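Just follow the structure's listing: the first ligand is 1, and inside any ligand the first atom is 1. Numbers here are sequence positions counted from 1. Source: prediction; values computed, not measured.
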Amino acid sequence: MQIILAPDKYKGSITGMEFCDIVEPILHEKLGADVLRLPLADGGDGTIEVINFYLKGIFKIVEVNDPLFRPIKASYLYSESTKIAFIEMAEASGIKLLKSKDQNCMNTTTFGTGELILSAISEGANHIILGIGGSATNDCGIGMATALGYEFFDKRGKILEPVGRNLIHITKIRADNVDSRIRDVKVQIACDVKNPLYGPKGAAHVYAKQKGANPLEIEYLNAGLRHFSGLLDDYFNIKTQQVEGSGAAGGMGAGTVAFLNGELLPGIELIMQIANFEEKTRNADWIITGEGRLDDQTLSGKAISGIIEVAQKHNIKVASFSGSSDLSAVEIKGMGIDYSSTIMDKAISLDDALKNTETYLKQLAMDFTSSF
Ligand SMILES: O=C(O)[C@H](O)CO
């Protein structure tokens, strides 16, 4: 029997690799199964480790500007043999880098992410995968673009600092000094959400509060995104608001489409491409997946959605060992999952589940093997 282990992380608990370490020996021992590990991620936190499992690159450490223009060391992954770099914007421009008192996306920049991109190009990358999300910013990517050589002017012809509050003042974009090497690089964007750029479901209204903006500032940032999107559309001949995910990471989705000619993709889709997932699983009997929680979001962008698609195409059974589930047995079956169990079925409380994930996950794996 061939079994593929394709877990995402259990957020705040174990990584996908740890999941494999726990489950694989039980499948070997109890079923004599041939097990292949293909850990997945959705583009959010922890994606870099999963990508490295496939790319086998090395981490490059560079000094860049953090969201408040302070020097920090940030890393990205580079694979010399494939010339692919994987950059997580949160490493340079993430909310995790700021104390809560310093968080306000009126004043933050994605400049450091642009510096990471330049560094990767200087290393020799001809393909950059940029994971966006977890950002401290709402600057529509103008910080990143500035690092690449773009300039943004106000109506008096003054160059503006590339931060969220200045989007509304931009009247002119200049590309004369842009690093021309960027044109030869294929850029794919692993996007964590599908929000539009502005409006009630846009970057500012949905995510700026968690980045320290107050209600007035949120309105101001939203107006800035709306205004700037008009400029981007005219300058690059695109329709930013219509791009799914343009509002990801404070408008970085739109910024990457415009300034990098990037292709926005759900993170899971990109990682499955890198893992060569479909090719490697087509003869499997089972795919076992797992993620922190099965819920009604599960089919929209999380790892399991991509797995079910491939499994159904090749008639492979799917099992899910998740942390918890908000779905009924009928809903789970309806999604295309043939076997499902959760850590919370075993644990007496959330605290117990988090403390004893390994023990309970072993039990889930044992139960699965006994079902044959
Ligand atoms: O960074 C952000 O704004 C969120 O992760 C959504 O992309």
Side-chain angles (χ1 to χ4, degrees), residues 8-9 11-12 41-48 66-68 74 86-98 100 102-114 116-117 129-144 162-165 167 187-214 217-222 224-226 228-229 240-241 243-258 260 262-271 292 297 300-303:
D8 194 353
K9 64 182 177 301
K11 202 166 186 180
D42 60 9
D45 273 357
T47 299
I48 200 158
D66 84 349
L68 293 172
F86 178 75
I87 297 172
E88 251 178 34
M89 77 170 288
E91 290 297 301
S93 316
I95 193 88
K96 66 180 182 186
L97 302 171
L98 301 185
S100 43
D102 293 332
Q103 292 171 5
N104 186 342
C105 57
M106 292 282 278
N107 307 323
T108 48
T109 186
T110 53
F111 191 87
T113 299
L116 288 179
I117 292 172
I129 300 169
L130 179 64
I132 64 172
S135 66
T137 51
N138 192 100
D139 75 351
C140 205
I142 57 171
M144 171 196 70
V163 295
R165 69 163 71 243
L167 286 172
V187 183
Q188 290 182 303
I189 316 297
C191 214
D192 68 338
V193 296
K194 295 183 173 163
N195 300 64
L197 185 56
Y198 57 81
K201 295 211 159 87
H205 278 295
V206 180
Y207 300 105
K209 186 168 173 220
Q210 75 195 31
K211 305 175 191 180
N214 66 33
E217 290 169 334
I218 291 174
E219 285 301 342
Y220 188 88
L221 289 165
N222 183 57
L225 290 168
R226 185 185 200 113
F228 186 58
S229 104
T240 34
Q241 178 71 352
V243 177
E244 195 168 76
S246 56
M252 189 69 158
T256 52
V257 169
L260 305 176
E263 180 195 11
L264 289 190
L265 290 165
I268 177 65
E269 220 173 290
L270 256 173
I271 289 156
Q297 294 288 300
S300 62
K302 290 204 197 173

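We find that E91 and K96 are joined by a salt bridge, their nearest charged nitrogen and carboxylate oxygen being less than 4.0 Å apart.
Using a 4.5 Å heavy-atom cutoff, the side chains of M144 and I117 are in contact. Between T108 and L68, the closest side-chain pair of non-hydrogen atoms falls below 4.5 Å. Between F86 and T47, some side-chain heavy-atom pair lies under the 4.5 Å cut-off. Counting only heavy atoms from C-beta outward, the side chains of M106 and L221 approach each other to under 4.5 Å. T113 is not listed as a side-chain neighbour of T137, based on a closest heavy-atom distance of 4.5 Å or more.
Distances below 4.0 Å separate heavy atoms of A248 from the following atoms of ligand 1: 7 (O). Atoms of ligand 1 found under 4.0 Å from any heavy atom of G134 (numbered from 1 in listed order, with element): 1 (O), 2 (C), 4 (C), 5 (O). For ligand 1 and G133, the ligand atoms under 4.0 Å from any heavy atom of the residue are 1 (O), 5 (O), 7 (O). Under a 4.0 Å criterion applied to the non-hydrogen atoms of G250, ligand 1 contributes the atoms 3 (O). Atoms of ligand 1 lying under 4.0 Å from any heavy atom of V193, numbered from 1 in the order shown and given with element: 6 (C), 7 (O).
When only non-hydrogen protein atoms are considered, atom 7 (O) of ligand 1 lies nearest to D192 OD1, 2.7 Å.
Polar contact check, A249 against ligand 1: a nitrogen or oxygen pair lies under 3.5 Å apart. The distance criterion of under 3.5 Å between nitrogen or oxygen atoms is not met by Y207 with respect to ligand 1.
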* Asked: Step by step, would you call N138 with L225 a side chain to side chain contact (heavy atoms under 4.5 Å, CB included)?
  -> CA-CA 8 Å; N138 192 100; L225 290 168; 3.6 Å; yes
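Contact annotation: for K211 versus ligand 1, heavy atoms closer than 4.0 Å belong to the side chain alone.
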